[in-house]
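One structure is given below, encoded as structure tokens.
Positions are given from 1 along the sequence. Please read these numbers as outputs of a predicted model, since none were measured by experiment.
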Amino acid sequence: MTTYVLVHGAWHGSWCWRPVSAPLRKAGHEVFTPTLTGLGERSNSLRTAARRQQ
């Protein structure tokens with residue numbers, strides 16, 4: 001089957017792809033839905049990384 005990497009837009013996280021990724025997985029596809037650092041449920045990661053660089 002096919003492998004999909006679904007990347008969210010601004011102000012979202014990987015959660016926004018749940019309605020799409022579930023049927024794709026059920027159909028036998030491999031699906032990756034990463035959350036980008038600093039966005040969505042990883043918004044605190046950007047602040048932590050910025051503090052380390054100071």
Side-chain angles (χ1 to χ4, degrees):
M1 289 288 171
T2 304
T3 300
Y4 293 93
V5 178
L6 306 174
V7 181
H8 61 83
W11 310 112
H12 285 80
S14 62
W15 54 266
C16 72
W17 290 113
R18 286 183 193 143
V20 176
S21 61
L24 287 172
R25 286 186 178 111
K26 191 173 181 178
H29 300 290
E30 189 170 20
V31 181
F32 296 95
T33 58
T35 294
L36 303 176
T37 298
L39 299 171
E41 60 267 20
R42 294 191 63 200
S43 61
N44 63 333
S45 299
L46 185 59
R47 283 177 283 216
T48 303
R51 274 189 239 125
R52 276 187 260 150
Q53 295 205 8
Q54 292 178 346

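Under the 4.5 Å side-chain heavy-atom criterion for Ile, Leu, Val, Met, Phe, Trp and Tyr, Trp17 and Val7 are members of distinct hydrophobic clusters.
With His29 contributing its side chain and Thr2 its backbone, the two residues share a donor-acceptor pair below 3.5 Å. The closest donor-acceptor contact from the side chain of Thr3 to the backbone of Glu30 lies at 3.5 Å or more, if one exists at all. Counting only distance, with no hydrogens or angles, the side chain of His12 and the backbone of Cys16 share no donor-acceptor pair below 3.5 Å.
Here Arg18 contributes atom CZ and Arg25 contributes atom CZ; the two are 10.0 Å apart, rounded to the nearest 0.5 Å.
When all heavy atoms are compared, the tightest approach of Val31 to Ser21 is CG1-CB, 3.6 Å.
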